[in-house]
There are 2 protein chains.
Amino acid sequence: MESNPRELLQMTARLFGLLNKNCCNIGEYEISTIQSHIMYEINRQHEPSMQQIADEIGMDITTFSRQIQTLTKKKLVKKTALPEDRRVYILQLTEEGQSVSSTIDKIMNDYLEDVFSHMNEFEKETVLRSIQLLNTSMLKSKMCCTPMG
Amino acid sequence: MESNPRELLQMTARLFGLLNKNCCNIGEYEISTIQSHIMYEINRQHEPSMQQIADEIGMDITTFSRQIQTLTKKKLVKKTALPEDRRVYILQLTEEGQSVSSTIDKIMNDYLEDVFSHMNEFEKETVLRSIQLLNTSMLKSKMCCTPMG
DNA sequence: ATAATTATTTGTAAAATGCAAGTATTAATT
DNA sequence: AATTAATACTTGCATTTTACAAATAATTAT
């Protein structure tokens, strides 16, 4: 196994299924990886606007707009005009969207639990703290999130 | 910051720019993230066939075939029929491809170096070993690489 | 009132995707 | 040896995704 930092993370990405276009089929819903990230972010933030989520994910706003269109058509996401500023639309998961999103969360965590079952408790804690440290350090980096400019 | 394992890795993916469609412009070449992964894998394996790389990346062989077409048109990848079995094509990076790939590698590692500059040496070592451990554990998992089936 | 700014949507064209069906080659079966 | 089956890869097509440019609609600044 490699120890070149880039190789390590490239591999993590692949092993974690991040390169897969399709995330999963939850009930009748076919969810792409991008869509799962969008729903995840909507859930995480408190009544975010379109722009906020698009920025957070680093997605072009026009592409994002259309992704939201498909998600609202599927009734997984709800768009509400903000009364104070009617240019802005607030995003929320519908109940169905909540349910789908938490099912994805559960499947992912089950997977990770299976992964962590190959470690002892100390290793698991170390790995989780390490990833956390990596994330905070990435956030500190001036190149964060678009390493390639 | 969160400590839910899925949230952690979701965030890592985003901070690492893995959700970005475009990887980078290297000289005259516009490289997508997928293309950088393809080139990376071709370089890593010894004279792999098309099918091998497609499987490794978890990409549909038909889409992969077309990606290879564009990469060969750009003269970044070379396809050679295998004499022993002429159904099979062996993939290699051209010199130009090698150069582009190692430039990407350098940029990524520079980014990671910047990230690691926010840690002390011990933390850095721990994080790298942790990611390595995570990767080997993921490989061991029966659900590896397609957690969502 | 008018201009400038911001948030979001649509037009359009290019690229990526994946299924089904095709070609070419090799391996297996009769 | 001839036919069939299997494998590696490519093409046809229809759908989806993408992002630039331009449009709309609402707000803020002048």
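Chain identifiers are assigned alphabetically (A, B, ...) following the order of the sequence lines, protein sequences preceding nucleic acid strands; residue numbering begins at 1 within each chain.
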Trainee: Taking the side chain as every heavy atom from C-beta outward, state whether A:Ile26 and A:Ile107 have any atom pair closer than 4.5 Å.
Mentor: yes
Trainee: Nearest whole Å is fine: how far is D:dT11 C1' from B:Ile68 CD1?
Mentor: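 Value for this atom pair: 16 Å.
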Trainee: Atom NZ of A:Lys73 to atom P of C:dT9: distance rounded to whole Å?
Mentor: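 Answer to the nearest Å: 12 Å.
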Trainee: Please report the C-alpha distance between A:Asn135 and B:Thr12 in whole Å, then the side-chain angles of each, then the deciding distance to 0.1 Å, and finally whether the side-chain hydrogen bond (donor to acceptor under 3.5 Å, both in side chains) criterion is met.
Mentor: CA-CA 6 Å; A:Asn135 287 352; B:Thr12 310; 2.8 Å; yes
Trainee: Among D:dC9, C:dA16, C:dT8, which nucleotide has an atom closest to any side-chain atom of B:Lys79?
Mentor: D:dC9
Trainee: Just list the side-chain donor-acceptor pairs under 3.5 Å for residues 46-57 of chain A, sequence neighbours left out, or say none.
Mentor:
residue	atom	partner	partner atom	Å
A:Ser49	OG	A:Gln52	N	3.2
A:Glu56	OE2	B:Arg14	NH2	2.8

Trainee: Taking CD in B:Glu113 as the centre, count heavy atoms belonging to other residues, nucleotides or ligands within less than 6.0 Å. Is the count above 12?
Mentor: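 For B:Glu113, atom CD is not crowded (no more than 12 foreign heavy atoms under 6.0 Å).
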Trainee: Flag the pair A:Gln45 / A:Leu91 as yes when at least one side-chain heavy-atom distance between them is below 4.5 Å, and no otherwise.
Mentor: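 No; the side chains remain at least 4.5 Å from each other.
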Trainee: Give every donor-acceptor pair under 3.5 Å between a side-chain atom in residues 72-83 of chain A and any protein atom, sequence neighbours left out.
Mentor:
residue	atom	partner	partner atom	Å
A:Thr72	OG1	A:Ile68	O	2.9
A:Thr72	OG1	A:Gln69	O	2.9
A:Lys74	NZ	A:Glu30	O	3.0

Trainee: Let me see the working for B:Ser141 and A:Asp114 under side-chain hydrogen bond (donor to acceptor under 3.5 Å, both in side chains), right down to the final yes or no.
Mentor: CA-CA 6 Å; B:Ser141 167; A:Asp114 187 79; 2.6 Å; yes
Trainee: Are A:Ser65 and C:dT9 close enough that a side-chain N or O sits under 4.0 Å from OP1 or OP2?
Mentor: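 Checking A:Ser65 against C:dT9: at least one side-chain N or O falls below 4.0 Å of OP1 or OP2.
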Trainee: Would you kindly give the CE-to-P distance between B:Met59 and D:dT10, to the nearest whole Å?
Mentor: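 The distance from CE of B:Met59 to P of D:dT10 comes to 13 Å, rounded to the nearest Å.
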Trainee: Let me spell it out: for each of A:Pro83 and A:Ser32, pick the nucleotide of DNA chain D with the closest heavy atom. Which residue's pick is nearer the 5' end?
Mentor: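 Nearer the 5' end of the strand: A:Ser32.
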Trainee: If you compare every side-chain N and O of B:Gln67 against the phosphate oxygens of C:dT17 (OP1, OP2), does one of them come in below 4.0 Å?
Mentor: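 Answer is yes, contact under 4.0 Å.
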Trainee: What is the distance from CD of A:Glu30 to C1' of D:dT16, rounded to the nearest Å?
Mentor: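 A:Glu30 atom CD is separated from D:dT16 atom C1' by 12 Å.
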Trainee: Dump every N/O contact between nucleotides 12-14 of chain C and the protein below 3.5 Å, one line per pair.
Mentor:
residue	atom	partner	partner atom	Å
C:dT12	O4	A:Arg66	NH1	3.4
C:dT12	O4	A:Arg66	NH2	3.4

Trainee: Between C1' on D:dT27 and CG on A:Leu82, what's the gap in Å once rounded to a whole number?
Mentor: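 For the pair A:Leu82 CG and D:dT27 C1', the rounded distance is 12 Å.
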Trainee: Between the base of D:dC20 and the side chain of A:Thr62, is there a donor and acceptor pair under 3.5 angstrom?
Mentor: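 Looking at the base of D:dC20, it does pair with a donor or acceptor on the side chain of A:Thr62 (distance under 3.5 Å).
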Trainee: Side chain of B:Gln69 only, heavy atoms from C-beta on: which candidate in C:dA16, D:dA26, D:dT11 is closest?
Mentor: D:dT11
Trainee: When clusters are formed by joining ILVMFWY residues with side-chain heavy atoms under 4.5 Å apart, either directly or through shared neighbours, do A:Ile34 and A:Ile31 land in the same one?
Mentor: yes
Trainee: Can you run down the side-chain hydrogen bond (donor to acceptor under 3.5 Å, both in side chains) pairs that involve residues 115-128 of chain B, sequence neighbours left out, and say none if there aren't any?
Mentor: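 Residue pairs passing side-chain hydrogen bond (donor to acceptor under 3.5 Å, both in side chains), neighbours aside: none found.
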Trainee: Measure from CD1 on B:Ile31 to C1' on C:dA15 and round the result to the nearest Å.
Mentor: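 My rounded result for the distance is 15 Å.
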Trainee: Taking CD1 from B:Ile61 and P from D:dT11, how many angstroms apart are they, rounded to a whole number?
Mentor: 13 Å
Trainee: Given atom CZ of A:Arg86 and atom P of D:dT24, what is their separation to the nearest angstrom?
Mentor: 18 Å
Trainee: Within the pair A:Thr63 and D:dT17, is there a side-chain N or O less than 4.0 Å away from OP1 or OP2?
Mentor: no
Trainee: Taking side-chain contact (heavy atoms from CB on, under 4.5 Å) as the definition, give me every residue that meets it alongside B:Asp60, ordered by chain and number, with sequence neighbours left out.
Mentor: B:Thr62, B:Thr63
Trainee: Between the protein and nucleotides 4-8 of chain D, list the N/O to N/O atom pairs that are separated by less than 3.5 angstrom.
Mentor:
residue	atom	partner	partner atom	Å
D:dT7	O2	B:Arg87	NH1	3.0
D:dA8	O3'	B:Arg87	O	3.3

